[in-house]
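From a predicted model like this one, the values you see are computed outputs, not experimental measurements. By convention in this document, chain letters (A, B, ...) are assigned in the order of the sequence lines, proteins followed by strands, and residues within each chain are numbered from 1.
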Amino acid sequence: MNRTKRIKSIESPEMTGVPDSHMQILSIIRQIPRGKVCTYGRIAMLAGLPGRARLVGKVLRYSPLANGVPWHRVVNASGCISLRSGESPVRQKSLLEGEGIRFNLAHRVDLNQYLWESRHASKRRGK
DNA sequence: AGTTTGACTAATG
DNA sequence: GCATTAGCCAAAC
């Protein structure tokens, strides 16, 4: 399957520069409900791109935030906010706190409590 | 065309 | 828990 191959011979001359993988990733992020977070790695996995966590970050960086994508609900595997240098994590933190998400003293969220696991799962995660 | 970089992560020590 | 390493891959040098 060609996930990075962009088809030139498509009916629409426009919008041919967006790889399928990016659309998949954005699609997953859009499903993160309010008050929950998801990790880069898990998003990649749900998008059918296991191991491509960095691609998720890249997509978010290049994607205009005007896409209705709840970018602020994406944190790293440690529950910390990962932001590009230059940007303050305060904004993302505020947005999450506004949804009822609490941060601990290490500025981390409790993934045990807030991680969105996409429908089913319901795996036993400690207590 | 080779190297570096990055909104990442799991595995080690 | 922190530092290092290795995998990852597309864009930027």
Side-chain angles (χ1 to χ4, degrees):
Chain A
M1 33 190 90
N2 50 345
R3 56 173 185 274
T4 59
K5 180 177 297 183
R6 60 187 62 170
I7 300 93
K8 288 246 172 151
S9 58
I10 195 170
E11 55 273 31
S12 305
E14 307 135 358
M15 298 195 58
T16 57
V18 181
D20 227 18
S21 54
H22 292 212
M23 300 306 293
Q24 289 292 342
I25 289 170
L26 291 174
S27 169
I28 297 297
I29 297 176
R30 268 192 281 264
Q31 296 175 44
I32 306 175
R34 219 172 98 76
K36 289 287 182 179
V37 299
C38 199
T39 66
Y40 296 91
R42 183 168 289 276
I43 289 167
M45 183 185 66
L46 292 173
L49 304 162
R52 273 54 157 201
R54 306 185 88 150
L55 184 58
V56 175
K58 186 175 282 283
V59 169
L60 278 179
R61 182 159 72 99
Y62 282 97
S63 292
L65 280 49
N67 215 355
V69 177
W71 59 273
H72 58 283
R73 298 185 187 133
V74 184
V75 299
N76 66 30
S78 301
C80 294
I81 291 174
S82 291
L83 273 188
R84 204 161 71 80
S85 59
E87 290 289 327
S88 170
V90 173
R91 181 171 59 170
Q92 182 173 358
K93 186 178 180 183
S94 298
L95 286 169
L96 290 177
E97 287 176 330
E99 296 185 351
I101 292 177
R102 306 279 302 278
F103 284 75
N104 64 17
L105 296 177
H107 305 289
R108 291 165 43 168
V109 302
D110 185 359
L111 292 180
N112 225 9
Q113 181 180 356
Y114 298 114
L115 180 65
W116 173 62
E117 293 189 272
S118 159
R119 7 187 178 198
H120 58 81
S122 298
K123 236 195 267 199
R124 202 143 239 317
R125 304 183 305 278
K127 58 153 174 216

Visitor: Decide yes or no on side-chain contact (heavy atoms from CB on, under 4.5 Å) for A/Val74 and A/Tyr40, but give the supporting numbers first.
Guide: CA-CA 7 Å; A/Val74 184; A/Tyr40 296 91; 3.5 Å; yes
Visitor: Please state how far atom CD1 in A/Ile28 lies from atom P in B/dA7, giving the value in whole angstrom units.
Guide: 22 Å
Visitor: Heavy atoms only: give me the nearest A/Leu49-A/Ser21 pair and the separation to one decimal.
Guide: CD1-CB, 3.6 Å
Visitor: Looking at CH2 of A/Trp116 and CD1 of A/Ile32, how far apart are the two atoms once the value is rounded to the nearest 0.5 Å?
Guide: 6.0 Å
Visitor: Taking the side chain of A/Lys58 as heavy atoms from C-beta outward, which of B/dT9, B/dA7, C/dA10 is closest to it?
Guide: C/dA10
Visitor: Roughly how many Å is it from CZ in A/Arg61 to P in B/dC8, rounded to a whole number?
Guide: 10 Å
Visitor: Using atom P in both nucleotides, what's the gap between C/dA6 and B/dA7 to the nearest angstrom?
Guide: 22 Å
Visitor: Between C/dG7, B/dT9, B/dA7, which nucleotide has the shortest distance from any of its atoms to the side chain of A/Thr39?
Guide: B/dT9
Visitor: Looking only at non-hydrogen atoms, find the nearest pair between A/His72 and A/Gln92 and report the distance.
Guide: O-NE2, 2.8 Å
Visitor: If you pin A/Arg108 and A/Ala53 to their nearest nucleotides in DNA chain C, which one's is more 5'?
Guide: A/Arg108
Visitor: Using a 3.5 Å distance criterion without hydrogens, assess whether the side chain of A/Ser27 forms a donor-acceptor pair with backbone atoms of A/Met23.
Guide: no
Visitor: Rounded to the nearest Å, what distance is computed from the CG atom of residue A/Leu46 to the P atom of nucleotide B/dC8?
Guide: 18 Å
Visitor: Any side-chain N or O of A/Arg52 below 4.0 angstrom from OP1/OP2 of C/dC9?
Guide: yes
Visitor: Give me the distance, rounded to whole Å, that separates B/dT4 from C/dT5 when you measure between the P atoms they each carry.
Guide: 15 Å
Visitor: Quickly work out the A/Asn76 CG to B/dA7 C1' distance and round it to whole Å.
Guide: 9 Å
Visitor: Let me know the distance between CD1 of A/Ile25 and C1' of C/dC8, rounded to the nearest Å.
Guide: 12 Å
Visitor: Using whole Å, what does the distance between atom C1' of nucleotide B/dA10 and atom CE of A/Met45 come to?
Guide: 14 Å
Visitor: To the nearest Å, give me how far apart CG (A/Leu55) and P (C/dA12) are.
Guide: 14 Å
Visitor: Figure out the CZ/C1' separation between A/Arg54 and B/dT5, and round it to whole Å.
Guide: 8 Å
